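Computed from heavy atoms alone, side chains included, the values below leave out hydrogens, waters and symmetry copies. Chain identifiers are assigned alphabetically (A, B, ...) following the order of the sequence lines, protein sequences preceding nucleic acid strands; residue numbering begins at 1 within each chain. These figures come from a predicted structure and were not determined experimentally.
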Protein chains: 2
Amino acid sequence: MKDADLVIVSVPVGSSGAVAADIAPALKPGAILTDVGSTKASVIAQMTPHVPEGVHFIPGHPLAGTEKSGPDAGFAELFENRWCIFTPLPGTDPAALEKLSEFWRRCGSNIDTMDPEHHDMTLAIVSHLPHIIAYNIVGTADDLESVTKSEVIKYSASGFRDFTRLAASDPTMWRDVCLHNKDAILEMLARFSEDLASLQRAIRWGDGDKLFDMFTRTRAIRRSIIDAGQEVDVPNFGREAIEHPAKS
Amino acid sequence: MKDADLVIVSVPVGSSGAVAADIAPALKPGAILTDVGSTKASVIAQMTPHVPEGVHFIPGHPLAGTEKSGPDAGFAELFENRWCIFTPLPGTDPAALEKLSEFWRRCGSNIDTMDPEHHDMTLAIVSHLPHIIAYNIVGTADDLESVTKSEVIKYSASGFRDFTRLAASDPTMWRDVCLHNKDAILEMLARFSEDLASLQRAIRWGDGDKLFDMFTRTRAIRRSIIDAGQEVDVPNFGREAIEHPAKS
């Protein structure tokens, strides 16, 4: 590492401070130090005190990956057409930022920058809340006595299985995300629960108009995601195309 | 319809009683009458009073379909390797049930029978709750002021977009499901909310061990769904395989 121009720290978010302390003596002046953690304010607070003078620390987060983890889960196109977000600190050298951006662009990523707090709030709604909700609903189903586990599995194609992909993600990573982006996650959970209580009330009181309105406005978002090239425009995630290759 | 041996009612659940009353005079003795509704106790309550003597009414529910609706959303393999559940009434003629089962088997379905209440409870957890939760989280994201809608769309690949597929389903159908399977849905929502409150508490108090345990046990369910042939064994629903056909 002594001669490295670029050092990418890819460790559980909770270990980033300890790792920064360990590697600090080996970082050469002018090197770029970055990370790939899912939370940014916490990583910055942990790592910054250990970054030697003259080293460019630029926190980063490539939004890519599947529910599988570890080196074997990688593939050549992993970062293609995916976003990589930087949360540069005040006074960051523009040349270093451009060099790091070019690295990620050559991996296929699109680049965005924002401040760490906005990153953590954005990721709380687009990533952290969805994973927590998915883990929760799969847990609720797992605990039922009235419906057996084998029935949940047999009939999962009716909706449930879409949640199981997220709920199969790495538990260590998601524990750390919850511990290190606590405030933003609690804020999103509170909003979600308020909305759900309102929906539950509409169901209890048989308010069909309200239910219809709520179920209508969400369709436009999916269309926008498909138009933005962040989703495939085939029904059911193209599962039929996979199961019946002749159709695709 | 006067000469039909088999009549399949495929209308919004809330209209099944009115439709049964309309068609009753045209049903010939010995005909099989069935439906494809997502709830069963309510459909039975609505239709049974109108079924003429000598007509075999066998409530059914093929668990198939995508987030798209209408005739154009159909395709030849729609029912292949999917379950079709019957909830026969007491005294149902076994020969009629076998004839109807054979019809669905020839469409590619696997057949199951259970009582209507158990059907409604099972579907509440495997289908109705997932859809309601998906609608709710997409609505919560849509209402945020701190994160713009275009950011939610841009970064949706981090988890959020998996929910948007279910939340793009037909609002009329899902309004009716909520109105006609109210008790089972409220029961599942109460369990889900209790579990979520417990998870939220673990996040607030930084209980990493509890979070890790909760996030670990849900992985096994996905493996079982894949082993049961109800899901494809490729990461990310095989989205990469679709976007990069050379890889598949």
Side-chain angles (χ1 to χ4, degrees), chain A residues 63 66 68 77 121-122 125-127 130-131 135-136 138-141 146-147 151-153 155-162 164 166-168 171 174-175 178-179 189 191-192 195-196 199-200 203 206 208 211-212 215-216 218-219 221-222 224-225 228 230-232 235-239 242 244, chain B residues 63 66 68 77 121-122 125-127 130-131 135-136 138-141 146-147 151-153 155-162 164 166-168 171 174-175 178-179 189 191-192 195-196 199-200 203 206 208 211-212 215-216 218-219 221-222 224-225 228 230-232 235-239 242 244:
Chain A
L63 309 188
T66 68
K68 310 223 168 181
E77 301 89 346
M121 193 59 90
T122 304
I125 186 70
V126 299
S127 177
H131 278 83
Y135 278 120
N136 195 70
V138 175
T140 302
S146 57
V147 179
E151 285 174 320
V152 170
I153 290 161
Y155 307 128
S156 61
S158 317
F160 181 75
R161 70 172 170 190
D162 283 10
T164 63
L166 298 181
W174 285 100
R175 177 199 61 197
C178 289
L179 297 176
L189 270 173
R191 287 169 179 260
F192 173 87
D195 294 344
L196 190 61
L199 214 166
Q200 186 169 330
I203 293 171
L211 293 170
F212 185 82
F215 296 166
T216 300
T218 54
R219 290 187 125 177
I221 289 208
R222 181 159 181 87
S224 306
I225 289 173
Q230 295 292 315
E231 178 62 298
V232 290
N236 209 8
F237 301 121
R239 282 182 176 111
I242 291 163
H244 308 284
Chain B
L63 309 189
T66 69
K68 311 223 167 182
E77 302 89 346
M121 192 58 89
T122 303
I125 187 69
V126 298
S127 177
H131 278 82
Y135 278 119
N136 195 69
V138 176
T140 301
S146 57
V147 180
E151 286 175 319
V152 170
I153 290 160
Y155 308 128
S156 60
S158 316
F160 182 75
R161 70 172 170 191
D162 284 10
T164 62
L166 298 180
W174 284 100
R175 178 199 62 198
C178 288
L179 298 176
L189 270 173
R191 286 168 179 262
F192 173 87
D195 293 344
L196 190 62
L199 214 166
Q200 186 169 331
I203 293 171
L211 293 170
F212 185 82
F215 296 166
T216 301
T218 53
R219 291 188 125 176
I221 289 207
R222 181 157 181 89
S224 307
I225 290 172
Q230 295 292 315
E231 178 63 295
V232 290
N236 210 7
F237 300 122
R239 282 180 177 114
I242 291 163
H244 306 284

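Heavy-atom pairs under 4.5 Å with chain B peak, among A:A167, A:C178, A:S158, at A:S158. Interface remark: of the candidates A:G159, A:S127, A:P171, A:S146, A:P171 forms the most heavy-atom pairs closer than 4.5 Å to chain B. The residue among A:I203, A:V152, A:L211 with the most heavy atom pairs within less than 4.5 Å of chain B is A:I203. Among A:I221, A:D162, A:I125, A:T122, the residue with the largest count of heavy-atom pairs under 4.5 Å with chain B is A:D162. When each of B:V147, B:L179, B:T216, B:L63 is checked for heavy-atom pairs under 4.5 Å with chain A, B:V147 comes out on top. Of the listed residues A:Y135, A:F212, A:F160, the one with more heavy-atom pairs under 4.5 angstrom with chain B than any other is A:Y135. Contact count versus chain B (heavy atoms, under 4.5 Å) is highest, among A:K68, A:R175, A:H131, A:M121, for A:R175.
From B:R191, atom CZ reaches atom OG1 of A:T140 across 9.0 Å, with rounding to the nearest 0.5 Å. Between B:R222 atom CZ and A:S156 atom OG the span is 9.0 Å, to the nearest 0.5 Å.
Proximity to chain A is limited to the side chain of B:A228, based on heavy atoms less than 4.5 angstrom apart. With a 4.5 angstrom heavy-atom cutoff, A:L199 touches chain B only via side-chain atoms.
Between the side chain of A:R161 and the backbone N or O of B:I225, no donor-acceptor pair lies under 3.5 Å. Although no hydrogens or angles enter the test, the distance criterion places no donor-acceptor pair under 3.5 Å between the side chain of B:D195 and the main chain of A:N136. Proximity of a side-chain donor or acceptor of B:N236 to a complementary backbone N or O of A:T66 within less than 3.5 Å is not detected.
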(request) Test A:V232 against B:F237 for side-chain contact (heavy atoms from CB on, under 4.5 Å), laying out the working first. (result) CA-CA 11 Å; A:V232 290; B:F237 300 122; over 6 Å; no

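For B:G139 against A:T218, the heavy-atom pair with the smallest separation is N-CG2, 3.9 Å.
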